[in-house]
Amino acid sequence: MKLIVAAASREVFLEAARKGLIEIFVEAGGVVVAPGCGPCVGTHNGVLADGENAISTANRNFKGRMGNPNANIYLASPATVAASAITGKICDPREFSRKLKS
């Protein structure tokens, strides 16, 4: 599994850096790419392979999105994507909120 982090803008990237989030992503094994929509159109760290799965917070999806019409792209909320990155599979983020409350 790979984690690619792309801030939507330079301002969002700088805010994440100030809050220490970029360091957390890198220490967790994530790859932080330049701000913008590179991953959205498959112009990031390579195009998805045939049958490869991706979960994204992008706002649109269509066949061929992220560069390969034979890949599977799932759109989800930021909470769902974060929880899924932790578990390595698409999951319900409420599992984590229940753990935090107990």
Side-chain angles (χ1 to χ4, degrees):
M1 183 175 81
K2 58 187 164 187
L3 171 64
I4 299 172
V5 178
S9 68
R10 182 174 182 263
E11 292 77 18
V12 171
F13 176 85
L14 290 172
E15 182 180 349
R18 281 192 292 276
K19 290 181 175 181
L21 299 174
I22 299 299
E23 183 176 355
I24 290 169
F25 292 134
V26 170
E27 286 178 353
V31 175
V32 179
V33 298
C37 41
C40 301
V41 295
T43 58
H44 58 296
N45 293 353
V47 173
L48 294 170
D50 287 354
E52 189 171 8
N53 297 314
I55 185 169
S56 171
T57 60
N59 62 355
R60 292 184 303 230
N61 198 6
F62 51 84
K63 194 157 184 69
R65 181 80 171 178
M66 297 188 178
N68 184 346
N70 298 315
N72 304 304
I73 296 112
Y74 301 91
L75 301 186
S77 70
T80 299
V81 171
S84 300
I86 292 167
T87 63
K89 62 182 181 180
I90 297 175
C91 68
D92 186 339
R94 292 176 290 190
E95 296 174 25
F96 291 92
S97 63
R98 282 192 290 271
K99 289 177 185 174
L100 292 173
K101 290 177 184 175
S102 53

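The first residue of the sequence shown is numbered 1, and numbering continues consecutively from there.
- Val81 and Phe96 are assigned to two separate hydrophobic clusters, defined by single-linkage of ILVMFWY side chains at heavy-atom distances under 4.5 Å.
- Looking at residues two or more places apart in sequence or on another chain, you find a side-chain contact (heavy atoms from CB on, under 4.5 Å) between Val32 and Val5, Phe13, Ile22, Phe25, Val26.
- Closest approach of Ala49 to Ala71, counting heavy atoms only: O-CB, 3.7 Å.
- Listed here is the closest heavy atom pair of Pro78 and Thr57: CA-CG2, 3.7 Å.
- Between Ala6 and Val33, the shortest heavy-atom distance links the atoms CB-CG2, 3.5 Å.
- Counting only residues at least two apart or on different chains, the side chain to side chain donor-acceptor pair (under 3.5 Å) pairs with a member in residues 19-34 are Glu15-Lys19.
- The list of side chain to side chain donor-acceptor pair (under 3.5 Å) pairs with a residue in residues 76-88, not counting sequence neighbours, reads Ser77-Thr80.
- When all heavy atoms of Pro93 and Ala83 are compared, the closest pair comes out as CA-CB, 3.8 Å.
- Across Asn72 and Gly51, no two heavy atoms sit closer than the pair ND2-O, 3.6 Å.
- Judged as a salt bridge (charged side-chain N to carboxylate O under 4.0 Å, His left out), the pairs with a partner in residues 47-58 (not counting sequence neighbours) are, in order, Lys2-Glu52.
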Trace of the side-chain contact (heavy atoms from CB on, under 4.5 Å) decision for Asn53 with Ile90: CA-CA 10 Å; Asn53 297 314; Ile90 297 175; over 6 Å; no

